[in-house]
Number of protein chains: 2
Amino acid sequence: MARTTGSHSDITGPRVRAAALKLFAQDGYAAVSMRAIAAEVGVQAGALYNYTPDKQTLLFDLMQGHMDVLLAQMPQGDGQEPLEALKAFVTFHLQYHAGRPDEVFIAYMELRNLSDENFARIEALRRSYEDRLEHILQAGRAAGLFRIHDTKIVALAIIAMLTGVNTWFRAGGRLSLDEVVAQYWDMVRNAVGAGELPR
Amino acid sequence: MARTTGSHSDITGPRVRAAALKLFAQDGYAAVSMRAIAAEVGVQAGALYNYTPDKQTLLFDLMQGHMDVLLAQMPQGDGQEPLEALKAFVTFHLQYHAGRPDEVFIAYMELRNLSDENFARIEALRRSYEDRLEHILQAGRAAGLFRIHDTKIVALAIIAMLTGVNTWFRAGGRLSLDEVVAQYWDMVRNAVGAGELPR
DNA sequence: TTTGCTTTTGAACAATTGTTCATTAACCAC
DNA sequence: GTGGTTAATGAACAATTGTTCAAAAGCAAA
């Protein structure tokens, strides 16, 4: 046999990426064989190499795609006041991450399986994301709105807290996403010392 | 050749666990071969099976050992008031985790490489740890000290925030551990709505 | 219908995997 | 020293790994 009826790169290509995403998230990059990905697509292993030069690039492309969209879609916050910008960041982060659990999981679980060069590229994108949050925090502190000390630490702490949601949140579960967003926004606002006045 | 001069199970045993710990943390369970562990110890692969029935058990024992010590050493907080108990928890968590980066890393990165049975056991230990924090939060809310809504979410958020420290903290770096603890305690206390009064 | 392009197969490759076990040497109490 | 116990070797195993490639078959425009 050779080419199969109905085969098209426009169809197979996305299916290869989808299968890799699903399996990498499920079992981990190192534990997923190219044959397993091929089986998920319904194809032989050799066919995958029409869509990626190698397994490493397949992982890298998934991670880079995720980070690119994350950075492109995140709120810009131009001219917004710091508290509003922070709220927008928190809301965006939770909503974006809740909608893409597999991408998120891979993006921070499989960092060590990247080659040195690829790791550096993803790390740069990640840092850029963190920096944008830190800028909001610096602006808020400068305006006397946030009572925080080290903006770098606070930025990392907030992101860790928010990203942790993905370990337990499931759409259709006990809490709606809006409820989750409301509670996390409460905590973040309080954590930066911008909680409600009455006590 | 056979038994080597100076070989003793009291020495080799701990070295096997130490090598596995180091390599699993560095490269991931699936990416580390038994031969790589053996090479780190300075022994042939076959010798490892004097110390573990198989690779899976080696991973499980490391994780279980970590969780057992974590639960044994964590503050009990008997009769302590909630704010003090929370502070003790935060301090303990940060100090314990900062001192054992490899164990911590493995304990939450390699969960998916456990067999179903082993996963359930580790998960139970983890939940027990989370529950102890949640009890503190419930007591604080009942006493009117904490202004929080869902104690389960707050517990998970706090743990995620604290555990995230391990991704960047290095002893001897820009910040001392005490400074880190102080800043995280500030954030946690504020997050639960028990911040300082003056505003 | 022919032609050229696209897409997949399936076999082959060298390397590596976890694990077993007969064999052998070092250790240690007597 | 002797003998039993302990601890390692090193070869062997079947299975699986990522990747390559000639061959073949479907597709689409002429």
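Below, each value reflects all heavy atoms present in this structure, side chains not excepted, and no hydrogens, waters or symmetry copies. Lettering follows sequence order; numbering is per chain, from 1.
The hydrophobic cluster containing B:F105, built from Ile/Leu/Val/Met/Phe/Trp/Tyr side-chain heavy atoms closer than 4.5 Å, also comprises A:F105, A:Y108, A:M109, B:Y108, B:M109.
Look at CG on A:D10: it is 14 Å from C1' on D:dA28, rounded to the nearest Å. Between B:Q56 atom CD and C:dT17 atom C1' there is a gap of 16 Å when expressed in whole angstrom units. Separating the NZ atom of B:K55 from the C1' atom of C:dT17 is a distance of 8 Å, rounded to the nearest angstrom.
Annotation: ring-ring contact (aromatic ring centres under 6.0 Å, His included) contacts of B:Y49 (sequence neighbours excluded): none.
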What do the steps show when you test B:R132 against B:Q76 for side-chain hydrogen bond (donor to acceptor under 3.5 Å, both in side chains), and what is the final call? CA-CA 9 Å; B:R132 293 226 222 157; B:Q76 300 303 312; 3.1 Å; yes
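With values rounded to the nearest 0.5 angstrom, A:T4 atom OG1 is found 10.5 Å from A:Q44 atom CD. We find the CG-CD distance between B:L137 and B:E130 to be 11.5 Å, quoted to the nearest 0.5 Å.
Of the residues in residues 28-48 of chain B, those placing a heavy atom less than 4.0 Å from an atom of DNA chain D are B:R35, B:V43, B:Q44, B:G46, B:A47, in numerical order.
Listed by first and then second residue, the ring-ring contact (aromatic ring centres under 6.0 Å, His included) pairs that reach into residues 129-186 of chain B are B:F89-B:Y129, B:H93-B:Y129, sequence neighbours excluded. Sorted by first and then second residue, the ring-ring contact (aromatic ring centres under 6.0 Å, His included) pairs involving residues 15-42 of chain B (not counting sequence neighbours) are B:F24-B:Y29.
For D:dT9, the OP1/OP2 oxygens have no side-chain nitrogen or oxygen of B:Y49 closer than 4.0 Å. The side chain of A:S9 contributes no N or O atom lying less than 4.0 Å from OP1 or OP2 of C:dT6.
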Do any N or O atoms of the protein come closer than 3.5 Å to N or O atoms of nucleotides 27-30 of chain C, and which pairs are they?
unit_1 : atom_1 : unit_2 : atom_2 : d
C:dC27 : OP1    : B:G6   : N      : 2.6
C:dC28 : OP1    : B:H8   : NE2    : 3.1

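Judged by a 6.0 Å distance limit and a 45° cone about the ring axis, A:R100 is positioned over the six-membered ring of A:Y96.
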